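Below you'll find the structure, written out as structure tokens, and then a few comments.
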Amino acid sequence: MFSNANAHMLLTAISISRGKTVKLDYGLYRRRFSVSQVPPIRTIRDLEGNPTFVDVDKEKAINFLKNQHQFYTKAEMEMELKDVASDFSRIVQRE
Amino acid sequence: MLQVTSVELYKESRKISIGDDNISQVMKFGLYGNFDEVAGSTGDIWVMNDDHWVVKFIYDNFPWFREFPTSTGGYSYLFLTAGEIEQMNDNLWVVTLTYDIPDTGNSGSNQDAMNTLVQDFNLGPDAGENNGEGWSDEYTQLSFNATSQLGHINTSLKVVEVNKTTEDFLPAGVGVPNIINKPGAIGASENGIEGTDIYKREFTFQITKYFSPQELKYAYVRRLYRLAGTVNLNTFFGFPQGSVLFIGASGSGTLMQNVPVTFEFAVRPNFVFSPSTTQLSDPENDDTAYMYDILADPGFDFSTGGMEIGPPGILSSNPLPVHSGWAVVDYRYIPLPDTTAKMLVQRPAFRIIHQVYEFGDFSKLKVGK
């Protein structure tokens, strides 16, 4: 089972990777990402032509995992809370 | 032009070690290419620089982490911690890589491992990434609920209509006991105020943050216990002080993975009483100094400024005291003969505002501010 805790680890590992792209083992890439949403920029292949590693856009990989598991950065969370809370700011209590 | 034509994993080379607090995986790869074209390529001087080229290729193309299943059904992440590179001939280099959870001197959790890697290998986002913002390594999850729950009130927001009986038992000249568009006691009798139950909207939200097992010490858990049941001393995720109640936190996990801890909060808007105006908080105004509802409550002496509750600073630029959304408003009624209505009615003589929650410093929760 790929839990949110697992996704959080993967997201963090990708986030702290250097550069604008991130290198992934092909098996991990296919298990965790959509080829259409996070397409490989470059694919390294073995002697038979099977993919070994892929290089993907870091921002797309981060956004894919964030959307899949509904993660927020702190700034996004603050903004989201403000938006939602504004609709419920009319709680009038008088007891 | 030099190029690696293929990278072959030698499947028989794979070796896995699983221990109580660590996992390691060793694997060999063959790099096939025309490496001999690099050697001697610097002008007239023969330079053997294909080794540099191969190392750079590994930096640029090999993943620095791998996914590995754990006994609990989840996954752990192993990081590239050692490598050995050996040239076999002009067209083949063999690379042996070790992926494991780096020795962090403590639990060996993934988060600790990553913290160690970031520190030791200067990892992390480049300055220009994400428009200069970098990427947050503290992703959290958020959920919220908007519900209505039954609560009891004694006073209406306002009386909208009062009708007098058409029967002739009332003495001549009898008026009505309430003022239209002003608050009124509900179910007032000589015995007191009966009030009524109404549905009130509630806004709650939950934040899930992931901690390494090392961060979840008993001292931190005790801090959560002490802060549970307090309202925010300072602005918290854009909500003004006094408006957010920390209900509690829960979490459980394993040593090899980050532990999700879910914090639960509830929000009620702060408020002030006004002698004349009702004006609800402007949802578009992000200034916490103005995030309060103004509730008309005429008939009380505002010249004294009423009472202030909460710590210093909760008073905003509004000349009237801003009260915590979690304060309880208590009206004390006394029965008085109403000369107009020719009857004994309960009149609110005092408005008492109670503080019922302590204030807590939510920055100590470590979920953000």
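Because the structure is predicted, anything quoted here is derived from the model rather than measured. Naming: A, B, ... by sequence-line order, numbering from 1 per chain.
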What part of [X] lies closer than 4.5 angstrom to a heavy atom of chain B: side chain, backbone, both or neither?
{"X": "A:Asn50", "result": "neither"}
{"X": "A:Val54", "result": "neither"}
{"X": "A:Ile44", "result": "side chain"}

Return the orientation label for the A:Tyr26 and A:Tyr29 ring planes: parallel under 30°, perpendicular over 60°, tilted otherwise.
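Ring orientation of A:Tyr26 relative to A:Tyr29: tilted.
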Presence of salt bridge, A:Arg31 and B:Glu67, under 4.0 angstrom
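Judged by the 4.0 Å cut-off on N to carboxylate O distance, B:Glu67 and A:Arg31 do form a salt bridge.
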Please determine, among B:Met291, B:Arg66, B:Gln141, the option with the most heavy-atom pairs under 4.5 Å with chain A.
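Between B:Met291, B:Arg66, B:Gln141, the count favours B:Gln141.
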Would you say the rings of B:Phe271 and B:Tyr292 are close, in the sense that their centroids are separated by under 6.0 Å?
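When the ring centroids of B:Tyr292 and B:Phe271 are compared, they turn out to be at least 6.0 Å apart.
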Would you please indicate yes or no on a ring centroid separation below 6.0 angstrom for A:His69 and A:Phe2?
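When the ring centroids of A:Phe2 and A:His69 are compared, they turn out to be within the sub-6.0 Å range.
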Largest heavy-atom contact set with chain B, pairs under 4.5 Å, which of A:Glu48, A:Glu76, A:Arg32
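Top option by heavy-atom pairs under 4.5 Å: A:Arg32.
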Heavy-atom pairs under 4.5 Å with chain B: which of A:Leu28, A:Leu47, A:Leu24 has the most?
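The option with the most such pairs is A:Leu47.
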Distance-only side-chain donor-acceptor flag, B:Thr262 / B:Thr208, under 3.5 Å
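Yes, side-chain donor-acceptor contact under 3.5 Å.
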At a heavy-atom separation under 4.5 Å, does B:Phe57 approach chain A through its side chain, its backbone, both, or neither?
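The side chain, not the backbone.
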Ring pair (Phe, Tyr, Trp, His ring centres under 6.0 Å) with B:Phe29: which residues, sequence neighbours excluded?
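Counting only residues at least two positions away or on another chain, B:Phe29 forms a ring pair (Phe, Tyr, Trp, His ring centres under 6.0 Å) with A:Phe53, B:Phe62.
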